[in-house]
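Report on one structure; see the data block that follows.
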Amino acid sequence: MIKHVSCIFLIALFLSCNSSEKTEKKVTIVDGAERYDVYQGSEMAIFMRGMHAFNLELKKEVQSGTITTEFPEEFLKIHSAEFSESKSRNKTFDHYSGQFIEAEKLVFAEDSMVPLSERYNNAINLCITCHQTECTGPIPKIKKLLIK
């Protein structure tokens, strides 16, 4: 019984992720007689978590002095990912997201005269600056990405 509920949940989750309609961002999980409403982040929130995870790994590479990855073209989705219903894209976000993309690309520039850790910190500081204008909650987590 639990396997069937889990399979149905996974199928529903997969289908909801591929839906182009804006729907309520909650999923109900049934465990026996208990019902749990689980918050599902917006496309932008999920995207930002992915960028954080990538930059956490990139930080290790920068600290070792060798970058083995390339600029992830996925990051360009920052310009199109959907926000939650209570937020919307605005000029400030567009400005900082554009600057972030350019700064992140510079991290991977092999011919730069700017030290690698400084280029990396510049990109992360742009995240912090943008989040200071709205959605301040993740700032402490983002600050942990900085190289001291």
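Predicted model, so just to flag it, every value in this text is computed and none were measured.
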Can any side-chain N or O of Arg119 pair as donor or acceptor with the backbone N or O of Ala109 at less than 3.5 Å?
yes
What distance separates Ile78 CD1 from Met51 CE, expressed to the nearest 0.5 Å?
4.0 Å
Are any side-chain N or O atoms of Asn121 and backbone N or O atoms of Leu146, one a donor and one an acceptor, separated by less than 3.5 Å?
no
Would you mind listing every salt bridge (Lys or Arg N to Asp or Glu O under 4.0 Å) that reaches into residues 95-113, with sequence neighbours excluded?
none
Please report the closest heavy-atom contact between His79 and Ile101, naming both atoms and the distance.
NE2-CG1, 4.0 Å
Parallel, tilted or perpendicular: which describes the rings of Phe108 and Phe54, with under 30° parallel and over 60° perpendicular?
tilted
Would you say Asn90's side chain and Phe93's backbone share a donor-acceptor pair under 3.5 angstrom?
yes
Tightest non-hydrogen contact, residues Ala103 and Ala123, listed as CB-CA, 3.8 Å
Heavy-atom closest pair (Lys59 atom, Lys144 atom, distance to 0.1 Å) is NZ-O, 2.7 Å
If two hydrophobic side chains count as joined below 4.5 Å and joins carry through other members, does Leu116 share a cluster with Leu106?
no
When rounded to the nearest 0.5 angstrom, what is the spacing between NE2 in His95 and SG in Cys130?
9.0 Å
If you look only at pairs with a residue in residues 63-81, which of them pass as a salt bridge (Lys or Arg N to Asp or Glu O under 4.0 Å), with sequence neighbours excluded?
Glu74-Lys77
Are Leu76 and Phe47 connected in the hydrophobic side-chain network, where two residues link if heavy atoms are under 4.5 Å apart?
yes
For residues Phe83 and Ser42, report the shortest heavy-atom separation together with the two atoms involved.
C-CB, 3.7 Å
Quick check: is Leu56 connected to Ile139 through a chain of hydrophobic side chains (ILVMFWY, heavy atoms under 4.5 Å apart)?
yes
Nearest-0.5 Å distance, OG of residue Ser80 to CE of residue Met44:
7.5 Å
Return the OG1 to CD1 distance between Thr129 and Ile124, rounded to the nearest 0.5 Å.
11.0 Å
Answer yes or no: is there a donor N or O on one side and an acceptor on the other, between the side chain of Gln63 and the main chain of Ile147, under 3.5 Å?
no
Quick one, Glu57 with Thr69, criterion side chain to side chain contact (heavy atoms under 4.5 Å, CB included). Give me CA distance, side-chain angles, the key distance, then yes/no.
CA-CA 10 Å; Glu57 291 302 312; Thr69 57; over 6 Å; no
Any chance you could measure Met48, atom CE, to His131, atom NE2, to the nearest 0.5 Å?
4.5 Å
Taking all non-hydrogen atoms of both residues into account, name the closest pair between Asn55 and Phe100 and its distance.
ND2-CZ, 4.3 Å
Interatomic distance, NE2@His52 vs SG@Cys127, rounded to 0.5 Å, equals 9.5 Å
